[in-house]
Asker: 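Structure below; questions to follow.
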Amino acid sequence: MSDLEERAEIAQKREATVKQLLRRAAKRSRPSQAVSVVVPHTRETDANREFAPDRDSDALAWFLIALPVFMVAHAICVKIGAI
């Protein structure tokens, strides 16, 4: 029975230690950071810029240029046996 009592005592000590560490972590104050005004992918004044109609023409042009380039690169890789 003393072995079980020792295990229970060790478990209680561990539990108390964990609780104490959690209390310390909760008390630590994190430095407050100012909210960043920089918006990485759009203008702050226009939240829906990514859905603007002028963006579609650019995407189509990129697709029509990139697709043949990719197909040629793929054909070359197949021809040399890389794929």
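Excluded from the calculations below are hydrogen atoms, water molecules and symmetry mates; all remaining heavy atoms, backbone and side chain alike, are included. Because the structure is a prediction, the values reported are computed rather than measured.
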Asker: What verdict does the side chain to side chain contact (heavy atoms under 4.5 Å, CB included) test give for Lys13 and Glu9, after you've listed the backbone C-alpha separation in whole Å, the side-chain angles of each residue and the deciding distance to 0.1 Å?
Answerer: CA-CA 6 Å; Lys13 286 182 181 179; Glu9 186 178 335; 3.6 Å; yes
Asker: Going by side chain to side chain contact (heavy atoms under 4.5 Å, CB included), name the residues that satisfy it together with Ala82, two or more places apart in sequence or in a different chain.
Answerer: Cys77, Ile80
Asker: Run the side chain to side chain contact (heavy atoms under 4.5 Å, CB included) test against Ile10 and tell me which residues pass, sequence neighbours left out.
Answerer: Arg14
Asker: Partners of Arg24 by side chain to side chain contact (heavy atoms under 4.5 Å, CB included), sequence neighbours excluded?
Answerer: Gln20, Leu21
Asker: Is it the case that one hydrophobic cluster holds both Leu60 and Val69, taking links as side-chain heavy atoms less than 4.5 Å apart, direct or via other members?
Answerer: no
Asker: Kindly give the cluster partners of Ile76, where membership spreads through any ILVMFWY side chain lying under 4.5 Å from a current member.
Answerer: Val72
Asker: Under the rule for side chain to side chain contact (heavy atoms under 4.5 Å, CB included), what residues qualify as partners of Lys19, not counting sequence neighbours?
Answerer: Glu15, Arg23
Asker: Flag yes if Ile65 and Phe63 sit in one hydrophobic cluster, no otherwise; membership is Ile, Leu, Val, Met, Phe, Trp, Tyr, and two members link when side-chain heavy atoms are under 4.5 Å apart.
Answerer: no
Asker: Apart from Leu22 itself, what residues make up its hydrophobic cluster, given side-chain heavy atom links below 4.5 Å?
Answerer: Val18
